[in-house]
Amino acid sequence: DTDYENAFKSWLAGEVKSNGAPYSENTRNQYISALKAVSGTFAEAIEPYTSVFFITDVGIFDKVILAIQYEDYPTWQ
């Protein structure tokens, strides 16, 4: 499996906030940490993956987003 964490970091480094300023390194690191935490908090939602950075299937990624939004996975399935 391919780990897209570095690709996401590179992409995020090029993004800007609504005011046109780039995201600070601290903010980028917080976003990465939050995404890494998903694997522990929502392990069932990302199975069989061990990290959101391995997910390449849009359907599975959509399930992860729902799980995070509703925080009561798997009752919403």
Side-chain angles (χ1 to χ4, degrees):
D1 290 333
T2 302
D3 184 346
Y4 291 101
E5 181 178 343
N6 286 329
F8 181 77
K9 286 179 182 179
S10 294
W11 171 81
L12 188 57
E15 293 299 297
V16 294
K17 298 183 278 189
S18 59
N19 66 4
Y23 289 98
S24 70
E25 183 176 353
N26 183 51
T27 298
R28 293 191 313 263
N29 288 338
Q30 288 176 1
Y31 288 168
I32 297 294
S33 293
L35 288 170
K36 285 181 175 181
V38 168
S39 62
T41 307
F42 301 98
E44 289 182 38
I46 68 169
E47 284 181 341
Y49 303 97
T50 57
S51 166
V52 295
F53 294 110
F54 289 111
I55 298 173
T56 57
D57 182 285
V58 173
I60 292 172
F61 195 78
D62 287 344
K63 280 185 170 183
V64 173
I65 290 169
L66 286 173
I68 292 168
Q69 289 174 337
Y70 296 104
E71 294 190 41
D72 61 350
Y73 182 88
T75 60
W76 56 266
Q77 293 189 61

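As the structure is a computational prediction, the values presented were derived from the model and not from experiment. Side chains included, hydrogens not; waters and symmetry mates left out as well; all remaining heavy atoms used.
- Legend: residues meeting side chain to side chain contact (heavy atoms under 4.5 Å, CB included) with E25, ordered by chain and number and at least two apart, are R28, N29.
- With a 4.5 Å cut-off on side-chain heavy atoms, F53 and L35 count as touching.
- Across all non-hydrogen atoms, the minimal contact from S39 to S51 is CB-CA, 4.2 Å.
- Under the side-chain hydrogen bond (donor to acceptor under 3.5 Å, both in side chains) criterion, S24 pairs with T27, sequence neighbours left out.
- Cluster annotation: W11 and Y23 are assigned to the same hydrophobic cluster (Ile/Leu/Val/Met/Phe/Trp/Tyr, side-chain heavy-atom contacts under 4.5 Å, transitive).
- The side-chain hydrogen bond (donor to acceptor under 3.5 Å, both in side chains) search around E47 returns none, not counting sequence neighbours.
- Here the closest non-hydrogen pair linking I60 and A45 is CG2-O, 4.4 Å.
- Annotation: ring pair (Phe, Tyr, Trp, His ring centres under 6.0 Å) contacts of Y4 (sequence neighbours excluded): none.
- With values rounded to the nearest 0.5 angstrom, Y31 atom OH is found 7.5 Å from L12 atom CG.
- Using a 4.5 Å heavy-atom cutoff, the side chains of F42 and V64 are not in contact.
- Applying the salt bridge (charged side-chain N to carboxylate O under 4.0 Å, His left out) definition to pairs two or more places apart or across chains, those involving residues 29-41 are E5-K36.
- Considering only residues two or more places apart in sequence or on other chains, N6 meets the side chain to side chain contact (heavy atoms under 4.5 Å, CB included) condition with K9.
- With contacts defined as side-chain heavy-atom distances shorter than 4.5 Å, the pair F8/V52 does not qualify.
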